[in-house]
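To keep things clear, I will list the structure first and then write my remarks on it.
Throughout, protein chains are lettered first and strands after them, A, B, ... in sequence-line order, and every chain is numbered starting at 1.
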2 protein chains.
Amino acid sequence: MRPTVHDIAAKAGVSLATVDRVLNGRPGVRAVTRARVEEAIERLGYVRDVAAANLAKGRVYPLVFIIPEGENPFMRGLEAEVRLAATRSSFERTRIAVVHVPPFDAPALAKAIDAAIAEGVAGIAAVAVDAPEVAAAIGRARAAGIAFVTLVSDLAASARDHFCGVDNLAAGRTAGSLMARFLGARPGAVAVLAGSMLVRDHRERLEGFRALMAEAGGGRQVLDVLEGQDEPERARALVGACLVAHPELAGIYSLGAGNAGLVAALEAAGRGDVCVIAHEITEPTRLGLERGVIDAVLNQDAGHEVRSAIRVLRAKADGLPVIAAQERIRIDIFIKENLPQPLDETGTARAAEA
Amino acid sequence: MRPTVHDIAAKAGVSLATVDRVLNGRPGVRAVTRARVEEAIERLGYVRDVAAANLAKGRVYPLVFIIPEGENPFMRGLEAEVRLAATRSSFERTRIAVVHVPPFDAPALAKAIDAAIAEGVAGIAAVAVDAPEVAAAIGRARAAGIAFVTLVSDLAASARDHFCGVDNLAAGRTAGSLMARFLGARPGAVAVLAGSMLVRDHRERLEGFRALMAEAGGGRQVLDVLEGQDEPERARALVGACLVAHPELAGIYSLGAGNAGLVAALEAAGRGDVCVIAHEITEPTRLGLERGVIDAVLNQDAGHEVRSAIRVLRAKADGLPVIAAQERIRIDIFIKENLPQPLDETGTARAAEA
DNA sequence: CTGTTAGCGCTTTCAT
DNA sequence: ATGAAAGCGCTAACAG
C-alpha cells in the first residue's frame, strides 16, 4: 500500500494537521518540525493522492478558453472541441467556460483576460494575439497565481506557462518539402495564399516555406504573397486572378484559412493539375482532399490541443509535472489515403471499429 | 453544486445504502424502491463522482501488458512507453505489469492471458497473434469480466473490447500514394520488404500498397515480397541482392522492421536515389530520414497507443464511456521536416519550448 | 429487503 | 506552533 499522511504523521511523531501544513507549504511550523516531517516524507517515498486531496478540498477548477469569434472553420472546430471537453469535464472537477473575442484584437483580448482574472478562475487558455498589451495581461494573470497557456498561436516574450500548438516554422518547411517533391522536375512558379502577414503563425509558416524552397534548389519561383484575410471570397478572387496571370502556375501553398474560396477558384478554372498544400482539416480542405483538388493538408489536432491545454492548466494549478511527450502537438500530414474518417453522431469512430 | 448520493437518498426517502445498491445494480432492492431511486437520480441529473468512488473502494486497477520479447525496436519502444506510463500510473490508481512472450507464438500468448486471468487483473492489453486459440483466451478473459484490448496488431474475430492501433490497409495505401507521387514519371520497379507474411499487419499493409499502386496507373512493377523476418541482417542481404538484380530499381517500401539493414544496404550500394518509405519512428528510421536515405516514415504513436490502452481499460473496467476521437490512433506521416525532436533526459521536449 | 456506521486519503476549522 | 475532529462523495460491512 502506498504511504499516507497518517504514516508520515506517525513516523514524524506529529499530527495530521502539521503534516498537511508541511505538505502544502503553509506557515506555522517550526523549522525543526518541518525538517522532521520532510524527512519522513522523503524516507517513505510519499506521493500525494491528488484525487483524495481534491475531494477533501471540494475543489473544482474553473477554466476559461478565450477564442476568436467569426467564421474561421478551424476556430469553430476548436470551440466545438472545447465544448465537448466541457461536457465530459464535470467528471474531472473542472468547469470550463468559453469566451469570445474579435479576431486579431489585442485590446479586446487583454480585456477578456483581465475579466477572467477578476472572476478568479484557476486557469486561462487563449488564442494569443502577439502584442505587448496581451503579454502584460498574461503577466497579471500569472502574478495572480492563475495558470496560463497559449493555444494555436503563441506570442513573443510572455509569462505563459505553456504553448499548446505546433512549430509553425517547421510546418512551413514541411509544406515546402512536400511541394518540392510532388512537383519534381515540373516547371512553373508557386503561389502562396495567406490570411494576413500581421499574424505570427502565418509569418512563420511563410518563412519556413520560402527557406525550404530556396534550399531545394531548382530555382523555382515563389510569387508574392496573396493576403486573403482568411475570407473565402477574397481568397477566391485572388487565386482566380493569379491563375489567369500565371497560366503556368505549378503549385499553391495556402497557409491560412479561406480554403473554400481556394478550392472554388481552382475548380472553376479547371486547374486540378496544380499541386495544392493547405492547412488544417476542416470541411473545405477535407472535401478538397477527397476530390483531388488539394494534394496534402498539414494539420494540428484541435482536440489534442484542447485536451492538452486542460491537462496542462490543471497540472500547473496543482503544481504537478507535465508529460512533455503527451503535450507536444505534432504537425500532421494528411493525404487522401490517411485522412481519418469523421466521427458519426454518437461520437463513435467508424474507422476504429472497422 | 452537483447532486450527491445524499441528495438522492433524501429525495427518494431511502438510505445511502439503498441508493448505492441501485447505483451499482446490486440486488436486494424492491422494484418500487428501485424505481423511486432511479427517478430521483434522473430528476437530479446525478453523475457519480468516480474519484470519490475509487477512493472509497480503495481500488487499484491491476493491468497487464503482454508484449513480444526480442530486438524489434518498435516493440522495445512500446515497452518503454508502458514503463513510463507505469511510473506515472500510481497517481491514477493503476498498477501496471509487463509480461513478455515469444513473438508470433500463439500458444504462449494464450497461456500468458490465462495466467493474467488467474491473477485476477482488471484489464489486459496484448499485441495479438491472429490465431483461434488466442481468440479463445480473450473470450475467457471477457467472460471473467476482465477488460481486454489488442495493441498494435488486432486479430480477426474476437471479443476484445477495443483495438489500439492503426488501420493497416490504409497505411499501405498511404505508402503507395506517397511512393507514386514521389517517383512521378521516373521509371523503374518498386520492391517491398516485409517481416513475414504470417503476420496480419504486414499482410494488410502489402495489400493496401499493391492496391494503390495498381490504381495509380503507369504500370509500375511491384516486385515479389522480400521477407526479412524483421531481422536487420537478413533485410540487408535481401535488399543488397535486390539492388544488384534490379539496377533500375526506383523505390522500396519497407512495411516491417529490420530497417537498420535496409539503410545499410542502400548506403553500401550508394543508392541514395532510391525512394524509400518505411514504418515506425525508431533509431534506424530516424537516422535514415535525417541522412536522406529514407524519404518518408509512416508511424503509429506508441505512447499514444499505450496511454489509450490504459484509458480504455480503466474506462471499460469502470463501465464508463470512451472518447472515440482521443482513442483513435492516426497514421502519422513523417518526413525530415516534420520529424519531432527527440526528448532530452529530463523528458522535456526541446521543440515545444523553443 | 433496508438502514447504520465506519472509513478511503486528504483538508480545514477550531481549539489548545 | 501544534493537535483533534469533522467532513468531501462514495462504498462496504454488519445489523435489523
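The distance between atom CG of B/D49 and atom C1' of D/dG7, rounded to the nearest whole Å, is 15 Å. Atom-to-atom, CG of B/L23 to C1' of C/dG3 comes out at 17 Å; the value is rounded to the nearest Å. Following rounding to the nearest Å, B/N24 (CG) and D/dA13 (C1') show an atom-to-atom distance of 15 Å. Whole-Å rounding puts the A/R26 CZ to D/dG3 C1' distance at 15 Å. Note: CG (B/L55) to P (C/dG9) measures 7 Å, nearest angstrom. Across the protein-nucleic acid pair, A/R21 atom CZ and C/dT11 atom P stand 12 Å apart, rounded to whole Å. Atom NE2 in A/H6 sits about 16 Å away from atom P in C/dA6, given to the nearest Å. In this entry the distance linking CD1 of B/I41 with P of D/dC10 reads 10 Å, nearest Å.
Taking the ring axis of A/Y61 as reference, the NZ or CZ atom of A/R314 stays within 45° of it and closer than 6.0 Å to the ring centre.
Contact between the side-chain N/O atoms of A/T18 and the OP1/OP2 oxygens of D/dG3 is found at a separation under 4.0 Å. Residue A/T4 places none of its side-chain N or O atoms closer than 4.0 Å to OP1 or OP2 of C/dG9. Taking 4.0 angstrom as the limit, A/R30 places a side-chain polar atom (N or O) nearer than this to OP1 or OP2 of D/dT2. For the pair B/R48 and D/dT11, the criterion of a side-chain N or O lying under 4.0 Å from OP1 or OP2 is met.
The closest side-chain donor-acceptor pair between B/N24 and B/R48 falls under 3.5 angstrom. No side-chain donor-acceptor contact under 3.5 Å links B/E327 and B/H304.
Residue-level contact check: B/V19 touches neither bases nor backbone, having no heavy atom under 4.0 Å from any strand. Heavy atoms of B/G58 sit nowhere under 4.0 angstrom from any nucleic acid atom. Using a 4.0 Å heavy-atom cutoff across all strands shown, B/A53 reaches sugar-phosphate atoms only and no base atom.
Here C/dG3 is the nucleotide among C/dG3, C/dG9, D/dG9 with the atom lying nearest to any side-chain atom of B/S15. Of the listed nucleotides (C/dT12, D/dA13, C/dG7), C/dT12 has the atom at the smallest distance from the side chain of A/A17.
The two residues A/I8 and A/A40 come nearest to each other via the heavy atoms CG2-CB, 4.0 Å. Heavy atoms only, all atoms of each residue included: B/E69 and B/R76 are closest at C-NH1, 3.6 Å.
Mapped onto DNA chain C by nearest heavy atom, B/N54 and B/P27 fall at different nucleotides, with B/P27 at the one closer to the 5' end. Place B/R36 and B/A52 on DNA chain C by their nearest nucleotides, and B/R36 ends up nearer the 5' end. Along DNA chain D, the nucleotide closest to A/T33 and the one closest to A/L16 are compared, and the more 5′ of them pairs with A/T33.
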